[in-house]
Engineer: 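Have a look at this one.
Whatever order the structure lists them in is the order used to number ligands and atoms, beginning at 1.
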Amino acid sequence: MNTVKTVRELRAAIARARSEGKQIGLVPTMGNLHSGHAALVSKAAQQADFVVASIFVNPLQFGANEDLDTYPRTLAADQETLLQAGCNLLFAPTVDEMYPHGMTGLTRVTAAQLSNELCGSRRPGHFDGVTTVVNKLFNMVQPDLAIFGQKDYQQLAVIRAMVLDLNMPVQIIGEPTVRAEDGLALSSRNGYLNEEQRALAPALYRHLREMADAIKAGERDYATRVTQQAAHLEAIGLRVDYLEVRHATTLLPAQTSDRDLVILVAAYLGTTRLIDNIHLNLDNTL
Ligand code: PAF
């Protein structure tokens, strides 16, 4: 696996792969890779002949008081993870390489309206930062397909909307969330948790599952259920940012007649904000 840091080297390597008739798969990441990322790369290796991963901690998607400076940068370990997972080429640019003219006054991609909900309303500008950098990566790599984790459910929806709205010729694949044995969704931010917080964190998924089971069993009073379940989470020490039942595609508040649902949660443990979700199709529950 080669690592390149410039767009020029990236394009040259991709041109070689293309000239050999290879289909290109892209896995965009911010590094500090775990088995969830490895699963995205393995999936890409199954679906494409040449897998490109990117590692770039994108300043454009971090708010002023967020963890841009402390976000873990672990390139050497990440290279090993990518190699093992079947990656062919790593693109690890600097901020100057990605934004050579700075980030002020930059042409940006405004994310679809669904980006204003949920995480978007708490992190203004976040999804515009994501769509802008993902669009740049798509233009640099011109992949046939790109793979994203379903853990970032709203991000995946926003990227799908961008690709559809802007007629981008790339297939978007969402991969299921990889979880620790106790159910906690793998995330680079789990590393911020102390021992006590780590022990509490699986409650998020437990509560999502309880809600999903209740809805499958016929519960339709979503508002009451959310209030109860959020109160339980607060009682054991999590600070709930949101807990919502939404339509799985539009991400609008779920109506009782909706069949395709997603339950999404964001909660703080100390200063660490974790997110998780469960997708629930009521026409397809075995
Ligand atoms: O999910 C992430 O790691 C990032 O938001 C992404 C998609 C790599 C864009 O910076």
Engineer: Can you pull out the closest protein heavy atom to atom 3 (O) of ligand 1? Residue, atom name and distance to 0.1 Å, please.
Structural biologist: Met30 CG, 3.5 Å
Engineer: Show me the side-chain donor-acceptor pairs of residues 262-276 shorter than 3.5 Å, one per line, residues at least two apart or across chains.
Structural biologist:
residue: Arg273; atom: NE; partner: Asp241; partner atom: OD2; Å: 2.9
residue: Arg273; atom: NH2; partner: Asp241; partner atom: OD2; Å: 3.0
residue: Asp276; atom: OD1; partner: Arg179; partner atom: NH2; Å: 3.0
residue: Asp276; atom: OD2; partner: Arg179; partner atom: NH1; Å: 2.9

Engineer: Starting from atom 2 (C) of ligand 1, what is the nearest protein heavy atom, named by residue and atom, and what distance separates them?
Structural biologist: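 Looking at atom 2 (C) of ligand 1, the protein heavy atom closest to it is Gln155 NE2, 3.8 Å.
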Engineer: Calculate, to the nearest 0.5 Å, the distance between atoms CD1 and CG belonging to Ile14 and Leu89 respectively.
Structural biologist: 6.0 Å
Engineer: More than 12 non-hydrogen atoms from neighbouring residues, nucleotides or ligands closer than 6.0 Å to CG on Asn194, yes or no?
Structural biologist: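 Above 12, so yes.
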Engineer: Out of all atoms in ligand 1, which are within 4.0 Å of some heavy atom of Val133? Include the element for each.
Structural biologist: 9 (C), 10 (O)
Engineer: Against heavy atoms of Pro28, which atoms of ligand 1 measure under 4.0 Å?
Structural biologist: 8 (C)
Engineer: Who's the nearest protein heavy-atom neighbour of atom 9 (C) of ligand 1, and how far?
Structural biologist: Gln61 OE1, 3.3 Å
Engineer: Just to verify, what does Arg220 make a side-chain hydrogen bond (donor to acceptor under 3.5 Å, both in side chains) with, not counting sequence neighbours?
Structural biologist: none
Engineer: For ligand 1, which atoms, with element, lie under 4.0 Å from some heavy atom of Thr29?
Structural biologist: 8 (C)
Engineer: For ligand 1, which is the ligand I care about here, please tell me if Asn58 has any N or O atom under 3.5 Å from one of the ligand's N or O atoms.
Structural biologist: no
Engineer: Donor-acceptor pair, distance only, cut-off 3.5 Å: does the side chain of Asn88 make one with the backbone of Val51?
Structural biologist: yes
Engineer: Taking CD in Glu66 as the centre, count heavy atoms belonging to other residues, nucleotides or ligands within less than 6.0 Å. Is the count above 12?
Structural biologist: yes
